[in-house]
Amino acid sequence: MAEEPQWTRVLAPRRSLLSLPLAEMWAYRDLLLLLVRRDFVAMYTQTILGPLWFVIQPILTMIVFTVVFGNIAGISTDGVPGPVFYLAGLTCWTYFADSLTKTSETFTLNASIFGKVYFPRAIMPLSIVVSNMIKFGVQFVLFLVFAGYFWFSGAKVAPNLVALTLPFLVLLLAMLSLGAGMIVSSLTTKYRDLRFLLTFAVQLFMYATPVIYPASAVPEKYRILIQINPLSPIIETFRYGFLGQGNHSWFGLLYSLGVAVVLMIVALVIFNQVENDFMDTV
Amino acid sequence: MPDLALKLDKVSKMYRLGQVGTGTLAHDINRALARIRGKEDPFAQVGLVNDREEAGGDYVWALEDINFEVTQGEIVGIIGRNGAGKSTLLKLLSRVTAPTKGKIFINGRIASLLEVGTGFHPDLTGRENIYLNGAILGMTRKEITARFDEIVAFSGCAKYIDTPVKRYSSGMYVRLAFAVAAHLETDILIVDEVLAVGDAEFQSKCLGKMQDISRNSHRTVLFVSHNMAAVKRLCPRSILMDRGRVVMEGRTPEVIERYLSSGGEADRVLRWPKGEAPGNAELVLESIEVLDAAGRFDTALSTADPIDIKVSYQVLSDLRNLRISVTASSTDAVEVFSTSDYFFQDKSHIRKPGRYESVCRLPAKFLNTGRYSLEIAVEVPMERELFKPQIMAFDVGELGHNQMGPINAAKPAGVLHPELEWKVRRTRALQDSAA
């Protein structure tokens, strides 16, 4: 019997459920950064305003929300000035929604690259979540500018120590959107219907999340819907920390964390199975 | 025993034909049930041989029971007709998709070049694209920085390195892309036809670089090409594939000989099922035929008569400087001649949309008997190739013209047997016979 050489890699029809290529992903970390950079350069070349679009979008949406939901519909904002209330919800929501929709297209949009060369596929959705994080950063600064104005102009808003949970909140949003996006992208390789469903679902989901209304304004019989939504505690905590108003509960955050962890694990397992041979079906 | 770099153990790959849509969910559920009960994949048993001309069946084996080994530092050529399964094999090796059955064992870092310039972004500069493309191919930023100058020098694009690549000519684009790939530092390199890009000078530069890579750095290279001359030059050993199987494995000259001499008369006509013809948005091939003087393809060709090589195609949008070229080779991979329609188009050099035929007439009394293989390339010279060259072969069966007179061998010596003019005259009479 010849001595079996030490193989560095074995390609087989099926991967075991949990053989996640984490070491390999680490080896490709430079690619992650370069992809993030590419996203930025590509998005704003040949636009006049460039990265200003990062702030124009939320400002316009904020104005519309203030007029429609605040002034016309008269939905409560918990005593917080409308603009800054909506902007708080929007900043968090946009990060989640953008990351989710973009990551859910991972396989279909990158089929031409994935068909020619191998790298850990999870790098792609990860790079999307990271580049959106930078966008979130810019929009968060915009929010601070507005919040700061109201802090010092004597409105009934003030930041407190809970604001320090911000990095944790962002991480939760990232995990939730990445997890859901990876699951959807894995399934869309075969069943494209999900793509249409997702755009629609994301729109509707915003109304089940306390973005344009505070959780406290929800009638008792619907409150359960808000409570099972893992995004609610994140947005409420964000508002409470920076504006001093909202239903902040540590238990709620713990629940969100639980959902995020489970979602990530499920997503990694499915994604890992799909990336093996998705090129045959996409 | 030298170490193995690569080992394939009973590797098979099945593809589902037709549109994925209705029925796939049912199939998937069936399959999942079978797996739970511990049975074989019910659809994996259908097993049709990979034969694109034969329609029918939902599944097809693109690769069947492939076994071979490659030792470290070896350069192996993989050859075979279009549709033999070469590309599928490369996809498996480069981890783009997984085998349906069997296992592939790899020793060392592997990188594949199924295409040059994967992931190039038009808005990024040459410099940024070198980094991005390098990272996609598996290099770290540090490795790229270390070889950056070398890459730029090899590409010859130093002047434009900070210009977005969308402003590059397609030649520059390809050169830059190949330069990145050529400087990859991996143990195993898989190359698919990338040499078919760029102009002749750059091609030979690439070929030299490949030789360098394997000789000096002791890396393993798997090289797939239709260019027999290149395979012969680069690879001591080759693998011949046909219809998803390995047909022959051995020393390159013998494998090439077998490849070029296999296949029958049917090879004189190349047609494609609907939707599978080679082409792009600008041009689609319809057929390539090798015909006798009367326009027939089912007769034996004779050395005494002219032979027509007819390429039929549809031009879909205005094409300037299009060139259809033919390179003929003998069975031992010696390129015998090449020719093109370049100087036979109207002055504008523009082909407007429509159906076209480019017919090349090989004069009577020119070829010898024997088998010739043709490589038909469709390109805009110095700029881009529209798609991969097509390969076909034909036999000249009848020795209708023999300038040697009585011979011992079955045919006159030589790849060609052209009718050349001789002059025989007496220049001077000998003294005594004049008397």
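Keep in mind that what you see is a predicted model, and the values were worked out from it rather than measured. Each chain gets a letter, A, B and so on, in the order its sequence line appears, and its residues count up from 1. In what follows, every heavy atom counts, from backbone to side chain, and hydrogens, waters and symmetry copies are set aside.
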Is [X] atom [atom1] crowded by more than 12 heavy atoms from other residues, nucleotides or ligands, each under 6.0 Å away?
{"X": "B:K13", "atom1": "NZ", "value": "yes"}
{"X": "A:R37", "atom1": "CZ", "value": "no"}
{"X": "A:F114", "atom1": "CZ", "value": "yes"}
{"X": "B:K10", "atom1": "NZ", "value": "no"}

- prompt: Pick from B:L93, B:L132, B:V11: which one has the most heavy-atom pairs with chain A under 4.5 Å?
  reply: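 It is B:L132.
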- request: Count the heavy-atom pairs under 4.5 Å between each of B:L8, B:N129, B:V96 and chain A, then report the option with the highest count.
  value: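 Top count of heavy-atom pairs under 4.5 Å with chain A: B:V96.
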Inter-residue atom distance [X].[atom1] - [Y].[atom2], 0.5 Å rounding:
{"X": "A:Y118", "Y": "B:I136", "atom1": "OH", "atom2": "CD1", "value": "14.0 Å"}
{"X": "B:D123", "Y": "A:R38", "atom1": "CG", "atom2": "CZ", "value": "11.0 Å"}
{"X": "B:R95", "Y": "A:F119", "atom1": "CZ", "atom2": "CZ", "value": "12.0 Å"}
{"X": "B:R141", "Y": "A:L31", "atom1": "CZ", "atom2": "CG", "value": "10.5 Å"}

Please look at [X] and chain A and tell me whether the side chain, the backbone, both or neither of the residue comes under 4.5 angstrom of a heavy atom of that chain.
{"X": "B:L90", "value": "neither"}
{"X": "B:I188", "value": "neither"}
{"X": "B:A111", "value": "neither"}

- prompt: Mind checking whether A:D30 and B:K142 have side chains closer than 4.5 Å, heavy atoms only?
  reply: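 Result no, sub-4.5 Å side-chain heavy-atom pair not found.
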task: Measure across B:A98 and A:A12 and return the closest heavy-atom pair with its distance rounded to 0.1 Å.
output: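 The answer is CB-O, 3.9 Å.
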message: Heavy-atom pairs under 4.5 Å with chain B: which of A:L34, A:L11, A:V117 has the most?
response: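 Result: the option with the highest number of such pairs is A:L11.
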- prompt: Of the backbone (N, CA, C, O) and the side chain (C-beta and beyond), which part of A:L32 lies under 4.5 Å from a heavy atom of chain B, both, or neither?
  reply: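 A:L32 has no heavy atom closer than 4.5 Å to chain B.
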